[in-house]
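In what follows, a single structure is set out as structure tokens and then discussed.
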Amino acid sequence: MGDESVPYFLGEGTTKTYQIPISHLDYKFIEKCTDIKHLEKILRVLRSGEEGCYPELTLVCEKRIERLDPRNRALRKDKPAATASDFTAEEWFDVEKECSKIDEDCEESNSKARFFSRPSLPIIEKKIDTTGMTKREKIFIATREKEKGNEAFATGDYAEAVTYYTRSISVIPTAAVYNNKAQAEIKLQDWDNALQDCEKVLDMEPGNIKALMRRATVHNHLQNYQTAIEDLNKVLSVEPENSMAKKSLQEIEEKLKGLKPVSEPQAKGKKILIEEIEDTEGREQNTEECERRGGDKREQSPDDLSILYSNRAACYLKEGNCSDCIQDCNRALELQPFSLKPLLRRAMANESMERYRQAYIDYKTVLQIDSSIQAANDSVNRITKTLLDQDGPSWREKLPPIPVVPVAVQLHRWDGGSLTSEDKPSTIDITMEKFKRLKNEGNDFVKMGKYEEAANKYSECMKLNTEECTVYTNRALCYLKLYKYEEAKRDCDHVLQLEDSNIKAFYRRALAYKGLQVRKKNMPGILKHGKKITIEEVEEGQFAPSEDAQTHHVAAEEAVPKAVPRRSSQKLRVSEPPNAYDFGQIINALNANKDKAACADLLTATDPKTLPVLLSNKLEGEILLIFIQSLEHYIAGKDPGLAYQHLFYLSKAERFKVVLALLSKNEKEEVQHLFDLLTESHSDQYSLEDLESLKEVYEL
Amino acid sequence: MSAVLGSERPQVVSHVQQALSYTVFDCKWVPRSARLMCLGSAARGTGVIQLYELRGARLEVLREIEKPKPIKCGTFGATSLQQRYLATGDFDGNLNIWNLEAPEIPVYSVKGHKEIINSIDGVGGLGIGEGAPEIVTGSRDGTVKVWDPRQNDTPVANMEPVQGESKRDCWTVAFGNAYNQEERVVCAGYDNGDIKLFDLKTMSLRWETNIKNGVCSVEFDRKDINMNKLVATSLEGKFHVFDMRTQHPTKGFASVSEKAQKSTIWQVRHLPQNRDIFMTSGGSGSLHLWKYEYPAQRSKKDSEGSEMGVAGSLSLLQNVTLSTQPISSLDWSPDKKGLCVCGAFDQTVRVLIVTKLNKI
């Protein structure tokens, strides 16, 4: 119990060896002591048993030493070999398993050691002479060389590792060794060989995660970001939680963002074009949703999957995310080679990213499949010029080879695989093609709200084929929009002659009659199918997305009522739109109808401050005008303050100046009129000075 | 014990124990098989070669051969994988090569040394090591001789002390650096603590050092690579690991030493499938499994600008005590990772399984 500074207290002795005061053989002392040497001595004394046997105290002392110095030699104890009884049943089983797979592939461990290759590398034969060797010998030697490679890799001798891997491969080529070799070559920054080896692995084992990861690394360093992203996505589709892949993907995408924006505006005109050609899905869902839809793609068949990828690619293209777009197109094309839309989208994305050669190839491929696509023809001409400027007259030599499209595929068109696959298109097919094209163009016009042109296209269609009801119903729709009720009725009648239960025709004829104020006449017809109509409406709402995804040419027809707001549902219900996309959709719809009242509702519901955000860069003359008009007619009278606010924030929107400059005289007058109104009605939200300065902004 | 079991550390499992009727000096796996050789000395003073086969949890004798002289050591290192001839050194200084299918007369025999051959090693066979097959023997007569089994009677190299210098008992020999047709070194350890490295290409002494205590066992981590590491064990329970990649003009090779136990370390054997893991066997019947960890930089420049090596560190992966008597021989199976055989002076041979070697 004595203090250690007072040694040899009466009655206390010391130990025989080391002369440690007996008081030190005590729990408290050991717990506090930090002198390892001293503790070791205590432990030795305790273990020797010369002062008596204290197993507990010995344990405490050992623990104390372990805490202070976990690798202390004094802690090493003699241990018997493990036997089955030392293991639980599970662990023992594990041991057996361990033994059974004892010679299984041991993957190289990433080394921490980094050092530079020595100047004088020993000369080691790259090949092993295997003449006269049995298969087992070869396996033994190949394995051994691989192990040597792994070890060299682990110590950072990458050049040596490559040599040994090469030797192993010279005996028996295996994917695992190629894979390891690729990794060593990556460390040596020998990108070309690494790429080759990764590809060999993937030839042997398509979908090898490590090889994909490594190829992505190589592509990343070779600045083939697209291919790198592609590989990483393949990895993520198998291992969604792979954090390495996620990280590198993010890095590469960030790099890409730094490269991209320069070329984007150039591609814009054309981008709109393609979106109008077929992207019905974009109309009812915002792109994010669309991506999500693409996200749960695993249960789908390859065809569906391909379409989903293609659709998501369209979304990405719209967002301006060209890299993802290309990637999705690549996937879609993997699943469905030579399908038109992904090719076209990839071409556009490539063009946007100024990768003209790839874009050119894709456009050319598209034209092989369908030479009538105007967008592709235009783009090819444009790119030809660019490439001519860039590479001179021999620009063609620098192009990668253009894939030859099989004849069977050349006939497959927008409609997926619904067409005949005869070797030579007959005249009937050609007319069919033309008919479809015209019809599609018509549909597109409908979507753009150009009903007159659409009606013309449909009429042309009818010259080719009078049997096709959809064209008539579509034209009827156009006529309805154009308030040509008589013509609409005629078309519906025609359809009903061919198909006496065509619901759309009934419905549209009803609308036409409604327009003609002879509603009653069609009542029996519509009642008969009344129930069905409601069902159909629901169906349109619910299933349209999947239909779109599968067959666009049918979907275009279905989509018409949706692309334009549903007139049938009377007045548009307007609530505050959550995002720019929805806002844009509503505005387009309102604009198509010139529905100023609804627009006024929309503006009332919208916080003026969010207006610039919601409009983003979509402000057009027509939109400005409808805003001005609805403010003038509906809002200025009731709430001049709100009208002022809207005008104020409208001027903050993108493209405002441009749009303003393009306003016609009449339209300017409308604006002037609105301002006059506001000047007359006073509000505490703005002063006359405010109004004057705003007027200046509006160039009045 | 349970705490250790739960961890990821390798376990040493004593799979089979086989009591022998003679003193075992060496045991060796027969390449590409589940068979092993035990070499030793019978009580009546004759040599014994036993061939065992591992059948489940039993060792079964396939063949027992008796020879006039006790056999100290053996190797398969210089034979082809097809032939698998066993080369042995006996108490009388004879080097014999046996065809185990017809063991009556040796396929090669030479009276190589005046006294007992303590140690033997082979290279160039089994697909390990480039160049010609060669056998090296180290003897109590103080010489180290290299033999080509295709050449009768005379050694291809003879390393002996110069006239007038006292003869030291050579306890251990090992081949290394056989990464191409020309390069090859022999390392020898002596009873006075000397370690000598002979370069067979230039026929010169490349390096020597003294580790103060008798050198019981030396081994390169691999024979068939540009020499990388050398482990030397000593009488007093210490062993040294030399980094053989960088040789400093005056300081030689950098090394790290570790004391495993108080008693002699009889043997060191590297895991054939991973050169950085090795096992030492001790005089107290214990086995220690070690791992060498490389430093971040394996070499650095000294003040005069010449390269010098930097030694790494050692960590003990596992230790077990199997016997009360020294474990004199140890051999890893070249085919099954983790399979190991050891012979001890308690006249027992044990087959061990070391688990979790993949996870290190």
Side-chain angles (χ1 to χ4, degrees), chain A residues 71 73 76-84 86-88 91-92 94-99 101-107 109 111-116 118-119 121-125 128 130 132-134 136-138 140-145 147-148 150-152 154-157 160 163-164 171, chain B residues 1-2 4-6 11-14 31-32 80-82 126-128 130 179-181 183 221-222 224-226 228 245-246 259-261 272-276 284 286-288 294-299 307 315-316 318-322 334-339 350 352-353 355-358 360:
Chain A
R71 290 169 74 164
R73 282 186 193 145
R76 287 182 197 154
K77 279 193 269 186
D78 287 348
K79 279 179 247 171
T83 58
D86 293 327
F87 295 80
T88 65
E91 278 169 337
W92 185 245
D94 194 30
V95 171
E96 295 286 299
K97 217 167 60 188
E98 209 62 51
C99 298
K101 60 179 184 183
I102 227 154
D103 53 355
E104 259 180 34
D105 187 4
C106 84
E107 200 36 66
S109 52
S111 69
K112 279 163 261 152
R114 298 267 176 283
F115 49 88
F116 306 99
R118 256 160 291 286
L121 267 175
I123 305 132
I124 304 169
E125 292 278 327
I128 297 176
T130 54
M133 281 194 195
T134 62
R136 284 190 63 181
E137 282 175 85
K138 282 185 188 172
F140 177 83
I141 287 166
T143 316
R144 188 171 169 89
E145 294 300 317
E147 280 161 0
K148 280 154 74 176
N150 287 350
E151 289 165 359
T155 48
D157 292 329
E160 203 180 313
T163 309
Y164 287 126
V171 180
Chain B
M1 195 75 197
S2 60
V4 176
L5 281 179
Q11 289 299 310
V12 180
V13 181
S14 178
R32 277 176 45 209
S80 75
L81 277 171
Q82 282 131 344
L126 309 175
I128 297 169
E130 301 285 310
Y179 62 86
N180 66 16
Q181 298 283 334
E183 295 284 348
D221 56 355
R222 274 187 192 280
D224 55 346
I225 55 170
N226 180 18
N228 185 53
R245 277 291 159 94
T246 322
K259 194 173 171 117
Q261 66 233 12
Q273 293 85 4
N274 185 345
R275 66 179 183 188
D276 299 324
S284 56
S286 62
L287 293 175
H288 289 72
Y294 294 93
Q297 290 262 312
R298 279 182 81 178
S299 65
E307 287 277 314
S315 57
L316 179 68
Q318 190 57 272
N319 64 314
V320 293
T321 304
L322 295 171
D335 303 294
K336 278 269 179 225
K337 191 182 196 174
L339 196 60
R350 294 174 177 84
L352 311 171
I353 294 169
T355 66
K356 291 182 179 145
L357 286 170
N358 278 341
I360 298 157

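Proteins get letters first, then strands, A, B, ... in listed order; numbering begins at 1 in each.
Looking at Asn150(A) and Arg275(B), their side chains never come closer than 4.5 Å, going by heavy atoms from C-beta outward. Between Asp157(A) and Arg298(B) the shortest side-chain heavy-atom distance falls below 4.5 Å.
Salt-bridge formation is not detected for the pair Glu147(A)/Lys337(B): no Lys NZ or Arg NE/NH1/NH2 atom is positioned less than 4.0 Å from an Asp or Glu carboxylate oxygen.
A donor-acceptor pair is defined here as one N or O able to donate and one able to accept, closer than 3.5 Å; such a pair exists between the side chain of Lys148(A) and the backbone of Asp224(B).
Residue Ser80(B): no heavy atom, backbone or side chain, is found under 4.5 Å from chain A.
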Next item on the list: Please test Glu137(A) against Gln82(B) for side chain to side chain contact (heavy atoms under 4.5 Å, CB included), starting from the C-alpha separation and ending with a verdict.
Entry: CA-CA 8 Å; Glu137(A) 282 175 85; Gln82(B) 282 131 344; 2.7 Å; yes

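Between Tyr164(A) and Ile225(B), the closest heavy-atom pair is OH-CG2, 3.1 Å.
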